[in-house]
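Since we're looking at a predicted model, the values are computed, not measured. Side chains are part of it too, since the values below use all heavy atoms of this structure and drop only hydrogens, waters and symmetry mates.
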Amino acid sequence: VNTFPFLVYYRALIFPLLIREGKPTPFFTFVLALLFCVFNGYLQGRSLSNYAIYPPGWLKDPCFITGFIGWLIGMAINIHSDHILRNLRKPGETGYKIPRGGMFEYVSGANFFGEILEWFGFALACCTLESLAFALCTLFILSSRAKQHHQ
């Protein structure tokens, strides 16, 4: 079961359409993010479709089941945290607000935590070097962003 396309569609198409207002994204940042996503999507897709070999019954293997559950929980945390963040301010309101509810009660970067959990679950379910590499990149990039947001 390849859930990678849904994750890309959510982050690239659905999430931006749900945002009411926000700071404009610099064009260079947009291009770099687009190139990264295209390259990563190609790498993950090619790895899973051409090189990954799974034994019969892989979908019943504890490694796959644990990874899938981790991915599912991470995605739910990510989507719920994004919802909380989108609804922090009323229309026209500005200023900093501290998010409350959901995983924000336990970690200040709940959206980042959810996405990191999501990709490590994906890596565990796929058991490929490429999926692990992406999970580690996600951990390093988002944990530094989470630290900045926390401060």
Side-chain angles (χ1 to χ4, degrees), residues 1-54 58-59 61 63-89 91 94 96-99 101-104 106-151:
V1 178
N2 187 357
T3 57
F4 186 76
F6 174 77
L7 303 173
V8 173
Y9 291 132
Y10 172 74
R11 185 53 67 197
L13 301 174
I14 298 170
F15 177 73
L17 293 174
L18 294 174
I19 297 173
R20 285 189 233 149
E21 297 176 25
K23 299 176 189 173
T25 301
F27 184 72
F28 185 67
T29 303
F30 166 76
V31 170
L32 286 178
L34 178 67
L35 289 174
F36 177 80
C37 288
V38 168
F39 177 72
N40 181 55
Y42 171 78
L43 187 66
Q44 299 299 329
R46 184 153 174 94
S47 167
L48 291 171
S49 63
N50 291 355
Y51 302 108
I53 299 172
Y54 299 104
W58 175 247
L59 298 180
D61 188 276
C63 189
F64 175 81
I65 292 170
T66 304
F68 180 75
I69 290 170
W71 170 81
L72 196 60
I73 292 169
M75 184 180 66
I77 291 169
N78 191 6
I79 292 172
H80 184 250
S81 300
D82 285 346
H83 173 76
I84 290 171
L85 290 171
R86 279 193 315 273
N87 293 297
L88 274 178
R89 295 181 201 91
T94 60
Y96 183 78
K97 292 208 173 186
I98 297 174
M103 284 299 293
F104 285 108
Y106 305 100
V107 292
S108 57
N111 52 328
F112 300 128
F113 172 75
E115 193 156 346
I116 290 167
L117 179 59
E118 208 173 330
W119 288 113
F120 271 95
F122 180 79
L124 185 59
C126 294
C127 285
T128 64
L129 187 59
E130 295 82 3
S131 60
L132 177 61
F134 184 61
L136 289 171
C137 286
T138 301
L139 172 67
F140 297 137
I141 292 167
L142 294 185
S143 61
S144 69
R145 288 185 63 198
K147 184 179 176 188
Q148 289 174 334
H149 282 254
H150 182 77
Q151 291 171 339

For [X] and [Y], which heavy atoms make the closest approach, and how far apart are they?
{"X": "Leu88", "Y": "Pro99", "answer": "CD2-CA, 3.6 Å"}
{"X": "Met103", "Y": "Phe113", "answer": "CE-CE2, 3.7 Å"}
{"X": "Ile73", "Y": "Leu117", "answer": "CG2-CD2, 3.9 Å"}
{"X": "His80", "Y": "Gly102", "answer": "CE1-CA, 3.8 Å"}

task = Please list, chain by chain and in numerical order, all residues satisfying side chain to side chain contact (heavy atoms under 4.5 Å, CB included) with Ser49, sequence neighbours excluded.
result =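 With sequence neighbours excluded, Ser49 shows a side chain to side chain contact (heavy atoms under 4.5 Å, CB included) to no residue whatsoever.
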task = Not counting sequence neighbours, which residues clear side chain to side chain contact (heavy atoms under 4.5 Å, CB included) with Ala146? List them please.
result =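 Phe112.
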ask   = Once you round to the nearest 0.5 Å, how far does CG of Leu48 lie from CG of Leu43?
value =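 Reported to 0.5 Å precision, the distance equals 9.5 Å.
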side-chain hydrogen bond (donor to acceptor under 3.5 Å, both in side chains) against [X], all qualifying residues, sequence neighbours excluded:
{"X": "Tyr51", "result": "Arg46"}
{"X": "Thr138", "result": "none"}
{"X": "Ser131", "result": "Thr128"}
{"X": "Ser143", "result": "none"}

Side-chain touch [X]/[Y], heavy atoms, less than 4.5 angstrom:
{"X": "Phe120", "Y": "Ile116", "result": "yes"}
{"X": "Tyr54", "Y": "Cys126", "result": "yes"}
{"X": "Leu142", "Y": "Arg145", "result": "yes"}

inquiry  = Which label fits Trp119 and Phe122: parallel for a plane angle under 30°, tilted from 30 to 60°, or perpendicular past 60°?
reply    =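 The arrangement is perpendicular - the two ring planes meet at more than 60°.
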Checking [X] side chain against [Y] main chain: does a donor-acceptor pair fall under 3.5 Å?
{"X": "Asn87", "Y": "His83", "answer": "yes"}
{"X": "Trp58", "Y": "Ala125", "answer": "yes"}
{"X": "Gln44", "Y": "Glu130", "answer": "yes"}
{"X": "Ser144", "Y": "Ile141", "answer": "yes"}

query = Going through the checks in order, is the side-chain contact (heavy atoms from CB on, under 4.5 Å) test met by Leu124 and Phe64?
reply = CA-CA 7 Å; Leu124 185 59; Phe64 175 81; over 6 Å; no
inquiry  = Just checking Phe134 against Phe39, ring centres under 6.0 Å apart?
reply    =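 Phe134 vs Phe39: aromatic centres not under 6.0 Å.
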key: CA sep, side-chain torsions, deciding dist, call: Leu59, Phe68, side-chain contact (heavy atoms from CB on, under 4.5 Å)   = CA-CA 9 Å; Leu59 298 180; Phe68 180 75; over 6 Å; no
